[in-house]
Structures are given as structure tokens and as C-alpha cells.
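Each remark here refers to the structure printed beneath this line.
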2 protein chains.
Amino acid sequence: MPDQPSKLRTRRRTETRRTIQEHAVRLFTERGYDATTVAEVAETAGMSPMTVYRHFPTKEDLVLVDEYGALVAERILAQPATQPLVRRIGNALVDSATALTGREHGEGPSVGEEFLLARLRLMISTQALRARHLDNHYVLQQAIVDALGDDTTDPDTVFRAQVAASACLAAMHTALVRWVEDDGRTELPTVIAKALAAFGADTVGVEGGDPLT
Amino acid sequence: MPDQPSKLRTRRRTETRRTIQEHAVRLFTERGYDATTVAEVAETAGMSPMTVYRHFPTKEDLVLVDEYGALVAERILAQPATQPLVRRIGNALVDSATALTGREHGEGPSVGEEFLLARLRLMISTQALRARHLDNHYVLQQAIVDALGDDTTDPDTVFRAQVAASACLAAMHTALVRWVEDDGRTELPTVIAKALAAFGADTVGVEGGDPLT
DNA sequence: CATTTCATGTTAGTTACTACCAATCTGGTA
DNA sequence: TACCAGATTGGTAGTAACTAACATGAAATG
């Protein structure tokens, strides 16, 4: 039983995955998500529909790959537990976004970012995709709460963590939408920080906004 | 051409709607949502599948009826515009919940509330339903921003309103989950208020929590 | 080279949903 | 009462997203 099932096989595997996904996103963008069938995607990618289903369990998964979840959970752990909840979570979200869309100052969206933008455009404009994307946030929320590692015996503590996580994720999603509407011209971490600051400042009232703004 | 197409017709219409929905929720709860076909629901309700689809465009809509959206939008307008955003929205959410689950003090869940609980249990445990439910929040968010009626020319103001609305709705959703896990023993408005206070207090930091807690 | 494992293809089936047409029923009118 | 217009329902056929079961070719291991 090979722990690393032979480099060549896994390479081809991820290769075909990429191929399928790129063709899918392109077709969806051109003709619309609902108007494109999985069979058409398969044909364009030069394979049978079954193969597509083997790599992506549902049509939605052709667009919704979650590179984000693992990053966030990892960065939550890096935050000092002394900070207030929303700050720990917020920082982790901003850091993850930085890691995801790393670009040099002054540059425009990179190639990878253009792909991300295309996918997000689909996720926001298509009902089915938007719904599943928001549901992914729901499980990411659980991951964050777990990563926070606060006292899990006290239901009230858990509840507060859940509220903080869901609220932060919602703010981040709003930031994502704005980022897309701006075609990614502003840097993503900046927009997310702005969103978090906005809802933080408003919650406080008027007493001096966050310097992040 | 009768403007009010004869009371009796509309009455029967809403009647069959209720019938279908009750049978559907019961079957879904007993056998599971995915394991129950629309054809089975139709048969149980004593009608053809076509009729079910005439009354509910999708299987998901058999569970997801939104009595909440209109209430919230209406109550946003009732809030004084001097308050900070999250308070205006939060108050509207709590008030709407009160209106929705009005019960006398000391009572347990009413009949209507039991039905609501059953539907929410399905919405939370079933992927497809949970996703669509969260997506409904997404459109409710837009309704709230519109109802706030703040300066729509300044993109930053709109952005802040969107962030506040989405964060509040996320907090409310977390409250809903908790309410369901508690089988509705605590009163819903109380739980929602607690959630909003939690994320408000945490955002502020430590400087004196909200008296709502 | 033999064997086992994996990626792919084929076929047939289920189910949500749509389009279209026919039958039936209801509410009001001549 | 007889009748008409519109609304409600039913039936049939079709599309498309999946799933299960089996066969085949290529690749990795011994």
C-alpha cells in the first residue's frame, strides 16, 4: 500500500481536475451556469460525463473549490487568545486573504486572481452557487469555533464564539461581493479589513473608528 | 373581471397549500428530506405531483416559506434613524421575532411554533434546505439595506449598511440554530437579543457590556 | 511477466422539474 | 336554469442532474 500513490498518477489527476474546472468556468461564464449542461462541459474537456462526476461530485463543485477554509483555521491558531473574539477571527480572515491573493504593491489582479474573480462572479450571480457558497461558510464557521479552542463546556462561550464567527464571515462575504463589483482593483485584504472595521465601529457607536479605515 | 377572485377560491387555494405543506413537513421529518420524493408527498396529500408543483415551484419551497422578510423590512422603517445601524437592524429583528412567535409569558411553544420548529429543524439539518435558507438571508439583506433608506449615492455608506445587515442576519441565524437546539424552550426574541448583544459587546471590547445580557 | 490497482467508459435507472394539451370545476350572467 | 370564462387539476412526454453496476485499458508493484 503506497502512501504516496505514485507521483505520476496524482499529477495527472490534479491535471485533469484543473482542465475540467477551467473549461467549466469558461463555459459557465460564456453561456451561463444554468444554460450549460455537465455533458457539454465533459465534451469540451474531451471526456465522458461520468469522468467529470468522478472528479466533482456535483455540478456546483465545478465552481466551488474551497482553498480558503484550511488557511483560515490554521491562522486562527496563530492569533493570541488575549485579543477579543472578533479581532482574532478578523485578523485570521485578513491574513488568509493576503496569503490567497498575494500580489506585489501596485500590480493589478494576477492570473490566478482573474480565475478567482471569474468563479466569484458566478457564485454571486447564480442562485444555486450562491446558496451552496453561503452554506460552505456555515461549515467554515464551525471550523473557526473549533480552532478558537475556547472552553467548549460552557454553552454560552460556544454560543458567543459562533455568533462572532458567523458575523465576521458575513462581513467578509459582503467584502467579497464588493471586491468583485470593483473587478478586484482594490486589494482584497483591504476591503475585508474595511468591512470588519465598519461593522466594528458601528457596533461601538461613534466613539472613534478603527484606524484601519 | 373580479379584482378579488372570489373569496372562496382563494380560501381553497391557501387551504390546499397548507395541506400540502403539512403533509410534506411531516413526511420529511419522518423519513428524511432526501429520502422522500415529491411524488410521495403528492400521493399522501391526495393529489397529482403536478398540482404540488403548481403550488410550490421547488421541493425546497415546501419547507421554506418566508413569513419573516416582510415583517423585518416593515419594522426597519419604524426604527429612529438616529440610532447606530446595528441597533436599528437588531431591534427590527427582535421585534419581528416577537411578532412571529407571540406567546404569553410562561407558556411553552404554541402549535404554530411547533410547526416552525419542525421546519427549522429540517432547514438546519438538510444541506439543500440550509443552503437555500441562507440564500434567502442574502435577499433579505438587500431588503433591509433598502428599508434603511440611507444615502444610496455614497458607495461607502451603502457598503457599511450591507455589512451591518449581513452581520446582524448571521448573528440571528446563529440564534435560530440555538433556539432550535433548545427545542424552543427559551423565547426566540430573547435568544436573538442575546446573540446581537454578544457580538456587539465583543466588538466593543471590554468596556461595559450591553444590559441586554 | 503477472497481478493488482486505478482511471475511464457504457448502460440503465431514479428524480426533480418543465412544457403542452385535455378535462373538470367554479362564479357569475343571460 | 342554462351557459360561458377563467381557474384548477390531471396526464404525457421530455430534459438534466445525478447513481449504481459492470467492463476495459493503463499503470504500478512484485
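These numbers come from the heavy atoms of this one structure, side chains and all, not from hydrogens, waters or symmetry mates. Chain letters run A, B, ... following the sequence lines, proteins first, then strands; residues in each count from 1. Since this is a predicted model, take the numbers as computed values, not measurements.
- As a whole-Å value, the separation of I20(A) CD1 from dG9(C) C1' is 14 Å.
- The aromatic rings of H133(B) and H173(B) lie tilted to each other, with the angle between the two planes from 30° to 60°.
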With the criterion being N/O to N/O and under 3.5 Å, what pairs connect the protein with nucleotides 15-20 of chain D, and how long is each?
from    : atom 1 : to     : atom 2 : distance (Å)
dA17(D) : OP1    : K59(A) : NZ     : 3.3
dA17(D) : OP2    : V38(A) : N      : 3.4
dC18(D) : OP2    : K59(A) : N      : 2.6

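- Atom CD of E43(B) is separated from atom C1' of dG11(D) by 16 Å (rounded to the nearest Å).
- Here the rule is salt bridge (Lys or Arg N to Asp or Glu O under 4.0 Å) with R119(B), and of E113(B), E67(B), E60(B) only E67(B) fits it.
- In this structure, the CZ atom of R12(B) is 11 Å from the P atom of dT8(D), given to the nearest Å.
- Of the candidates D151(B), T157(B), D150(B), D151(B) is the only one forming a side-chain hydrogen bond (donor to acceptor under 3.5 Å, both in side chains) with T153(B).
- Contact annotation: H55(A) side-chain N/O to dT8(C) OP1/OP2 distance is under 4.0 Å.
- Distance CD (E40(B)) to P (dT14(C)): 13 Å, rounded to an integer number of Å.
- A salt bridge links D183(A) to R121(A): at least one charged side-chain nitrogen sits closer than 4.0 Å to a carboxylate oxygen.
- Contact annotation: S48(A) reaches the phosphate of dG9(C) (side-chain N/O to OP1 or OP2, under 4.0 Å).
- Between R54(A) atom CZ and dT10(C) atom C1' the separation is 10 Å, expressed in whole Å.
- Here the side chains of L64(B) and T58(B) are not in contact, with every heavy-atom distance at 4.5 Å or above.
- Using a 4.0 Å heavy-atom criterion, one finds that R13(A) contacts the sugar-phosphate atoms exclusively.
- Regarding E15(B), its CD atom lies at a distance of 13 Å from the P atom of dT26(C), rounded to whole Å.
- K59(B) places a side-chain N or O within 3.5 Å of a backbone atom of T36(B) that can act as its donor or acceptor partner.
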